[in-house]
Amino acid sequence: MDDKNSKMIDNAKKLANEIVRIENQIQLIIESKQYVFDVLYDGELGWIVQTTYCQIGGCIVNYIPCKSKISAIEVSARLTLKGMKPAANGICSICSKDLHEMIT
């Protein structure tokens, strides 16, 4: 085998090992329930991962739709592994309207 093929094989092995390492980390996050994004079931939307919430009422502002609960948990774990956190979006339009009605 020539040097070029040998390097390609070594790189492929390193990549495969890295994929296995990442998948193991994701599984550990799932098993220990350390994912930081809420996984919710909505009657209209189905399973979702809440990525942005309203700071007043905790309302869902942005989300990632998923096909099943386990796929939503996996998405939440992957985002957590990347160091991401749910974003706060100030106040949503519904809470803003409710707040305005309460103070006027």
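Bear in mind the structure is a predicted one, so any value in this text is a computation, not a measurement. Residue indices begin at 1 and follow the sequence shown.
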Inset, instruction - Step through the shown structure and confirm whether more than 12 heavy atoms of other residues, nucleotides or ligands are within 6.0 Å of CD1 on Ile94. - result: no

Inset, instruction - Sequence neighbours left out, what passes side-chain hydrogen bond (donor to acceptor under 3.5 Å, both in side chains) with Ser96? Give chain and number order. - result: none

Legend entry - Set of side chain to side chain contact (heavy atoms under 4.5 Å, CB included) partners for Ile56, sequence neighbours left out: Cys54, Ile91, Cys95

Legend entry - Inter-residue atom distance Thr80.OG1 - Phe37.CZ, 0.5 Å rounding: 6.0 Å

Legend entry - Residues, nucleotides or ligands: over 12 heavy atoms within 6.0 Å of Tyr63 OH: no

Inset, instruction - State, with a plain yes or no, whether a side-chain heavy atom of Asn89 is found less than 4.5 Å away from one of Tyr53. - result: no

Inset, instruction - Go through the structure and list residues passing side-chain hydrogen bond (donor to acceptor under 3.5 Å, both in side chains) with Ser68, not counting sequence neighbours. - result: Ser71

Legend entry - NZ/NE/NH1/NH2 to OD/OE distance under 4.0 Å, Arg78 and Glu23: yes

Inset, instruction - Start with the C-alpha gap between Ile64 and Leu79, add the side-chain angles, then the distance that decides, and say whether side-chain contact (heavy atoms from CB on, under 4.5 Å) holds. - result: CA-CA 11 Å; Ile64 299 170; Leu79 294 172; 3.9 Å; yes

Inset, instruction - Start with the C-alpha gap between Asp10 and Lys14, add the side-chain angles, then the distance that decides, and say whether salt bridge (Lys or Arg N to Asp or Glu O under 4.0 Å) holds. - result: CA-CA 6 Å; Asp10 286 344; Lys14 287 177 186 176; over 6 Å; no

Inset, instruction - Report yes if some heavy atom in the side chain of Trp47 is under 4.5 Å from a heavy atom in the side chain of Pro65; otherwise report no. - result: no

Inset, instruction - Verify side-chain contact (heavy atoms from CB on, under 4.5 Å) between Ile30 and Ile26, making sure each step is shown before the conclusion. - result: CA-CA 6 Å; Ile30 291 170; Ile26 290 167; 3.9 Å; yes

Inset, instruction - Rounded to the nearest 0.5 Å, what's the gap from SG on Cys59 to CG on Asp98? Could you check? - result: 8.5 Å

Legend entry - With Gln34 via side-chain hydrogen bond (donor to acceptor under 3.5 Å, both in side chains) - residues at least two apart: none

Inset, instruction - Report whether Tyr41 and Val39 are members of the same hydrophobic cluster (ILVMFWY, side-chain heavy atoms less than 4.5 Å apart, transitive linking). - result: yes

Legend entry - Note, Val36 side chain near Pro86 side chain (heavy atom, < 4.5 Å): yes

Legend entry - Separation of Thr51 OG1 from Ile60 CD1 (nearest 0.5 Å): 9.5 Å

Inset, instruction - For the pair Ser6 (side chain) and Asp2 (backbone), establish whether a donor and an acceptor sit closer than 3.5 Å, ignoring hydrogens and angles. - result: no

Inset, instruction - First locate atom CG of Asn62, then atom CD of Gln50, and finally report the distance between them rounded to the nearest 0.5 Å. - result: 9.5 Å

Inset, instruction - Output all residues satisfying side chain to side chain contact (heavy atoms under 4.5 Å, CB included) with Ala87, sequence neighbours left out; order by chain, then residue number. - result: Thr52

Inset, instruction - Find the distance between CD1 (Ile29) and CD (Gln25) and round it off to the nearest 0.5 Å. - result: 7.0 Å

Legend entry - Asn24 CG to Leu28 CG distance, which is reported to the nearest 0.5 Å: 8.5 Å

Inset, instruction - Would you please name every residue forming a side chain to side chain contact (heavy atoms under 4.5 Å, CB included) with Glu18, sequence neighbours left out? - result: Arg21, Ile22

Legend entry - Nearest heavy atoms of Leu45 and Ile48, plus distance in Å: CB-CG2, 3.9 Å

